[in-house]
Structure formats: C-alpha cells, structure tokens
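Notes for the one structure printed next.
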Amino acid sequence: MPELPEVEVIRTELNSKIINQKIKNISNFWHKTFVNYCQELPINDNIINTDRIGKYIIFQLENNYLVIHLRMTGQLIFTENSNFSTKHLRSSIELFSGSYLNFYDSRKFGRIYHVSELKSILSNVGIDALSEDFTNKHFKNMLFKQKRGIKSFLLDQKYIAGLGNIYIDECLFLSGIHPKKLTNEIKNKDAEKLYLNIKKILNLAIENMGTTISDYRTTGGGFGTNQNFLKVYNRENEECFRCNSIIQKINNEAFVYIFI
DNA sequence: CTAATCACCTGAAGGC
DNA sequence: TGCCTTCAGGTGATTA
C-alpha cells in the first residue's frame, strides 16, 4: 500500500508534468472522493508547486490547495490524451494541455481535499520522516516520552508521518527490535540504529520506485521494484534470512522474528 | 494517556 | 462453477 516512498515517487513524477499547468475541469465519479472545503472548484487555477507531508501529496494552486491521500488502493495516473480506462476511476483532473490526471481507487478510501488552508486537513499529521528537521534527537525525545509498543508508535501519523506496515516491519527487522517492544524500554543505541534505518530504508525504496505488492503504480502505470528487496514484510511462514526460523505474524498487525 | 474495535469499501484467494 | 468467508490495512471515530 502506498507509504512515504510510493507517494514521493508519484509526487516527483508529477512535479515535472503538472507544474504551471492550468486546470480545465474536474470530474467526479464517486461522491465521497473529492471533498471540497472551498466555495468553488479550482477551475482555471494554475498548479504552482507540489509538496508532500507523510502520505499526503499537496498541489499548491493560486489561492488554495489540492491535498491527496491514496489510502489503500488509490492510484494517480497521468495521460496525455482522453483515451483512458474508466474502471475504478473516481476523479479526473483535466488540464488545458489536453492531459488528464486520473485518480483510480478500487476500494474508494482515497480522498482529494480542496482546501484554502493546509492545517484544516493536516493538523494531526506529525513531522515527515524524511524531513531534515526530523533529527535523531527529535526522534528519541518523542520515543522516550511514550510508553507503548514501538510498531504502534511508528504507525501513529501524529508523531512521525509517512510510515506504514511495510517499512515499519523492514526498519524494525533491520534494527533487531521486536514490534511490541515498549518505546521507553528501547536502548539509546538501538533507538539511534532505528532512526538511521528509517532514513536508509525509505530512501532506498524511493530509489527502487516504491514497493508494488498489489495496487501501487507509478504515474505511468508502472511497477516499483522494492518488493524484490523486502526482508520480512510479506514473508509470513517463510524462513528468516538472519536465523532461518519461520517468520510468524501476530494479530494482523506485526511480524515476529526470532533471533539467534 | 493507550489499546482495541469498528466503519469505510472492493477484489482476490481459499474452502467446500 | 459458485457461494461464502477471510484478508488486505490507512485513517478516524468510538469505546474500554
């Protein structure tokens, strides 16, 4: 499912395609997908810039923003003409260039918000995991103030934004930390290791164009390749690469792995 | 405060 | 073939 790396690949690809393009029309085919907090649709607005916080993609318009969350199955597909599939098409942004940015979403969980202020949507979203302001010190401050399972903490977007099941499992595995380990009991050295692995694994996944397990696609409809390098996610009942024991799943929530 | 559960939705996969 | 159940899991709301 799309997490920070997938969303960042999509944002980067779109950046070169839609900046300085003018919106001609927006068509919506599922009543909940497009959430308009403004008076009108942003027709005739220029797309000035793109940004990303956690799993949210942000299009800065002239006076307001489009904020997109793909949730589980959302896809943003860019096409240069009107010859495209309408299966699972929930929203379509037509540009004056004749191109379309189409939002496909089989499960209908994804959203496009049209807002005049970002805080109306992003007020509960914490610091982006790849932000330069997200430092090791900042991480440890948040970590040691909590007393909860480390995976649950990392999943909570109000502290660190962008991590989901795939990359949390990979980061914890690489750091040798059990997903249910309590945050306040994690050793200083392990916390630092985890911090560095978060940055490392996210950046590697971006280089690999994201992880395609089922629905994630790049804006041209292509697959990522990072699924070929996963060490623990999606490997239930397979042998651990480190100790050869069998990887087990707990509560649909996390993976357990046994160390030598 | 945290944890657990449900709701939102659909399609794929597996059992019978 | 077909019906039924389970599972995938991001987020927000609700309950304990």
Side-chain angles (χ1 to χ4, degrees), chain A residues 1-11 28-35 37 52-58 67-76 85-91 103-113 115 118-129 141-172 178-186 202 205 210-217 223-224 226-227 230 232-238 247-255:
Chain A
M1 309 302 125
E3 302 178 25
L4 187 152
E6 290 73 30
V7 175
E8 178 60 15
V9 169
I10 288 168
R11 189 203 63 79
N28 294 301
F29 308 104
W30 175 249
H31 66 105
K32 289 185 177 177
T33 300
F34 193 93
V35 185
Y37 285 91
R52 181 191 56 72
I53 298 178
K55 302 171 193 171
Y56 292 85
I57 297 179
I58 300 163
V67 182
I68 303 175
H69 198 301
L70 303 169
R71 293 287 184 98
M72 318 262 278
T73 55
Q75 302 172 341
L76 280 170
S85 166
T86 55
K87 190 180 181 187
H88 299 146
L89 181 62
R90 308 305 179 197
S91 210
F103 187 80
Y104 294 89
D105 185 18
S106 74
R107 287 178 73 176
K108 299 177 176 172
F109 290 164
R111 295 288 180 266
I112 301 176
Y113 303 96
V115 293
L118 289 177
K119 69 181 179 199
S120 57
I121 291 297
L122 303 178
S123 60
N124 290 323
V125 178
I127 191 160
D128 186 83
N141 278 343
M142 289 193 287
L143 194 67
F144 297 144
K145 253 183 237 168
Q146 310 278 314
K147 184 184 179 179
R148 60 194 291 195
I150 179 65
K151 179 158 181 182
S152 154
F153 168 75
L154 293 173
L155 278 170
D156 195 330
Q157 303 295 301
K158 74 171 177 274
Y159 299 104
I160 305 160
L163 296 168
N165 273 294
I166 298 173
Y167 297 108
I168 291 172
D169 289 352
E170 293 299 308
C171 289
L172 290 174
H178 191 282
K180 296 226 172 189
K181 179 89 178 175
L182 293 178
T183 49
N184 62 330
E185 292 176 1
I186 292 175
L202 292 178
T211 301
T212 299
I213 301 283
S214 56
D215 296 283
Y216 163 69
R217 298 289 183 276
F223 288 27
N226 196 63
Q227 63 278 8
L230 298 178
V232 70
Y233 181 85
N234 208 29
R235 297 197 67 245
E236 188 185 5
N237 295 328
E238 293 179 36
I247 294 170
Q248 296 178 317
K249 199 173 181 178
I250 355 171
N251 285 350
N252 287 342
E253 176 224 329
F255 292 93

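Separation of atoms CD1 (A:I53) and CG (A:L4) is listed at 11.0 Å; rounding is to 0.5 Å. Rounding to the nearest 0.5 Å gives a distance of 14.0 Å between CG of A:D105 and CZ of A:F29. With rounding to the nearest 0.5 angstrom, the CE atom of A:M142 is 9.0 Å from the OH atom of A:Y159. A distance of 7.5 Å separates CG in A:L172 from NZ in A:K151, rounded to the nearest 0.5 Å. Distance check, rounded to the nearest 0.5 Å: NZ of A:K108 to NZ of A:K32 gives 9.5 Å.
Listed by chain and number, the residues in a ring-ring contact (aromatic ring centres under 6.0 Å, His included) with A:Y167 amount to none (sequence neighbours excluded).
A side chain to side chain contact (heavy atoms under 4.5 Å, CB included) with A:Y216 is found for exactly one of A:I10, A:L70, A:N226, namely A:I10.
Residue contacts shown for A:G149 are limited to sugar-phosphate atoms, with no base heavy atom under 4.0 Å away. At the heavy-atom level, A:Y159 lies under 4.0 Å from the strands shown only through sugar-phosphate atoms. No engagement by A:F153 is indicated, since no non-hydrogen atom pair under 4.0 Å with the nucleic acid exists. Residue contacts shown for A:M72 include a base, since a base heavy atom lies under 4.0 Å away.
Per the geometry, NZ belonging to A:K147 stands 10 Å off P belonging to B:dA3, to the nearest Å. Straight-line distance from the CG atom of A:D156 to the P atom of C:dG10: 13 Å, rounded to whole Å. Rounding to whole angstrom units, CG of residue A:L155 and P of B:dA4 are separated by 13 Å. Rounded to an integer number of Å, the gap from CG of A:D215 to C1' of B:dA13 is 14 Å. Atom NZ in A:K145 sits about 12 Å away from atom P in B:dT2, given to the nearest Å. The distance from atom CD1 of A:I121 to atom P of C:dT11 is 13 Å, rounded to the nearest whole Å. For the pair A:I150 CD1 and B:dT2 C1', the interatomic distance rounds to 15 Å; values are reported in whole Å. Taking atom CG of residue A:L182 and atom C1' of nucleotide B:dT2, one finds them 11 Å apart after rounding to whole Å.
Atom P of B:dC9 sits at a distance of 22 Å from the matching atom of C:dC4, rounded to the whole Å. When the P atom is compared between C:dT6 and B:dT5, the two are found 16 Å apart, to the nearest whole Å.
In DNA chain B, consecutive stretches of 3 or more Watson-Crick or G-U wobble pairs with both distances under 3.5 Å are given as paired ranges: B:2-8 with C:10-16, B:10-16 with C:2-8.
The shortest non-hydrogen separation linking A:M1 to A:S214 is CE-OG, 3.3 Å. Residues A:H178 and A:I150 share a closest heavy-atom pair of O-CG2, 3.2 Å.
In the set C:dG10, B:dA3, C:dG12, C:dG10 carries the atom at the smallest distance from any side-chain atom of A:M1.
A:H69 has no side-chain polar atom (N or O) that falls below the 4.0 Å cut-off from OP1 or OP2 of C:dG10. Within the structure, every side-chain polar atom (N or O) of A:K158 is placed at least 4.0 Å from both OP1 and OP2 of C:dT11. Phosphate proximity of C:dG12 to A:N124: absent, as no side-chain N or O sits under 4.0 Å from OP1 or OP2. Proximity of A:Q157 to the phosphate of C:dG10: no side-chain N or O atom is located under 4.0 Å from OP1 or OP2.
A salt bridge is absent between A:D215 and A:R107: the closest approach of a Lys/Arg side-chain nitrogen to an acidic carboxylate oxygen does not fall below 4.0 angstrom.
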field: Letter per nucleotide, 5' to 3', of nucleotides 5-12 of chain B [B base touched, S only sugar-phosphate touched, - untouched; heavy atoms, 4.0 Å]
entry: ---BBBS-

